[in-house]
Chemist: 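Structure incoming, see below.
Numbers for residues simply follow the sequence, beginning at 1.
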Amino acid sequence: MFIKTIIIYIALSFLLYGSDSCFLIDRVHVNFINHLPNEFPQPLLVHCASKDDDLGNHTLTFNQMWGFSFCVIPFTTLFKCDLHWTGLGLNLNVDAYDASWVKNPCDKSNCTWTVSVGGANLPNGDFHSWKDHEFINNLY
């Protein structure tokens, strides 16, 4: 009887909330926006992965955005992303989302990373600077 109840519960949750829903778990949206200077037309390359999913390589031109969403598994979901500013050889490695964050730097379930000449940041303060590079230092 217990198994039948669980199966009915799962079936109803898909019917009521849709297969795209996380039901009782938060759905998180992670986005990257390329705000690198337009006068340097080298695109931003983004590659994100978790231990279960490789989301592939994505090329973002000036002001272009790319993102993904997922259902959080509490305390275990972790997506790492590599950012590469092509032509300049600059790289950043960021934890795009970590379910074990004590203080979530995202705006609730929306993690929008802005990538600019200074580095990559979230709206609530998580900031990653490009490694010291002569080109970057000369822009300031």
Chemist: What's the separation between atom CG in N93 and atom SG in C81, rounded to the nearest 0.5 Å?
Modeler: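 If we round to the nearest 0.5 Å, N93:CG and C81:SG are 10.0 Å apart.
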Chemist: Restricting to non-hydrogen atoms, name the atom on D54 and the atom on G56 that form the minimum distance, rounded to 0.1 Å.
Modeler: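 Nearest heavy atoms, D54 then G56: OD1-N, 2.9 Å.
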Chemist: Among the clusters formed by ILVMFWY side chains lying less than 4.5 Å apart, do I33 and L36 turn up in the same one?
Modeler: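 They do not share one cluster, since no chain of ILVMFWY contacts under 4.5 Å joins I33 to L36.
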Chemist: Just by distance, do the side chain of S129 and the backbone of G119 share a donor-acceptor pair under 3.5 Å?
Modeler: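 Side chain of S129 to backbone of G119: no pair is present.
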Chemist: My understanding is that only residues two or more places apart in sequence, or in another chain, count here; which of them pass side-chain contact (heavy atoms from CB on, under 4.5 Å) with D126?
Modeler: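 Result, side-chain contact (heavy atoms from CB on, under 4.5 Å) vs D126: W101, P105, W113, L122, H128.
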Chemist: Quick check against the 3.5 Å criterion: does W130 have a side-chain atom that pairs as donor or acceptor with the backbone of S116?
Modeler: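 Yes, because the side chain of W130 sits within donor-acceptor range (under 3.5 Å) of the backbone of S116.
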Chemist: Do L55 and F79 make a side-chain contact, defined as non-hydrogen atoms from C-beta onward lying under 4.5 Å apart?
Modeler: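 They are in contact (side-chain heavy atoms under 4.5 Å apart), so the answer is yes.
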Chemist: So which atom in T86 and which in P43 form the shortest heavy-atom distance, rounded to 0.1 Å?
Modeler: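 Nearest heavy atoms, T86 then P43: OG1-O, 2.9 Å.
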Chemist: Kindly compute the distance separating SG (C111) from CG (N104), expressed to the nearest 0.5 Å.
Modeler: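 If I round to the nearest 0.5 Å, the distance is 5.5 Å.
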Chemist: Determine, using the 4.5 Å side-chain heavy-atom cutoff (strictly less than), whether F32 and F62 are members of one ILVMFWY cluster.
Modeler: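 No, separate clusters.
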Chemist: Can you give me the closest heavy-atom contact between C106 and N124, atom names plus distance?
Modeler: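 Scanning both residues completely, I find the closest heavy atoms to be O-ND2, 2.7 Å.
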Chemist: Using side-chain heavy atoms (C-beta onward) and a distance below 4.5 Å, is Y97 in contact with V72?
Modeler: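 In short, these two side chains touch, coming nearer than 4.5 Å.
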Chemist: For N57, what residues pass the side-chain contact (heavy atoms from CB on, under 4.5 Å) criterion, not counting sequence neighbours?
Modeler: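 Checked N57 against side-chain contact (heavy atoms from CB on, under 4.5 Å); matches are H47.
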Chemist: Listed by chain and number, what are the side-chain contact (heavy atoms from CB on, under 4.5 Å) partners of T114, not counting sequence neighbours?
Modeler: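 T114 satisfies side-chain contact (heavy atoms from CB on, under 4.5 Å) with H35, N121 only.
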Chemist: Please answer: with hydrophobic residues joined when any side-chain heavy atoms are less than 4.5 Å apart, are M65 and V30 in the same cluster?
Modeler: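 No, M65 does not connect to V30 through the hydrophobic network.
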Chemist: Might you point out which heavy atoms bring H84 and G89 nearest each other, and give the distance in Å?
Modeler: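 So the two residues come closest at CE1-CA, 3.9 Å.
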Chemist: Are the side chains of L83 and L44 in touch, meaning some heavy atoms are under 4.5 Å apart?
Modeler: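 They are in side-chain contact.
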Chemist: Is it the case that one hydrophobic cluster holds both W85 and W66, taking links as side-chain heavy atoms less than 4.5 Å apart, direct or via other members?
Modeler: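 Same hydrophobic cluster.
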Chemist: From L92 CG over to D82 CG, what is the distance, rounded to the nearest 0.5 angstrom?
Modeler: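 With rounding to 0.5 Å, CG (L92) is 9.5 Å from CG (D82).
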Chemist: Determine whether F68 and I25 fall in the same hydrophobic cluster, where Ile, Leu, Val, Met, Phe, Trp and Tyr are linked whenever their side-chain heavy atoms lie under 4.5 Å apart.
Modeler: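 Same cluster.
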Chemist: Are N31 and N110 close enough that some pair of their side-chain heavy atoms sits under 4.5 Å apart?
Modeler: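 In short, these two side chains touch, coming nearer than 4.5 Å.
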Chemist: Taking T61 for its side chain and Q64 for its backbone only, find out whether a donor-acceptor pair lies under 3.5 Å.
Modeler: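 No, because the side chain of T61 does not come within donor-acceptor range (under 3.5 Å) of the backbone of Q64.
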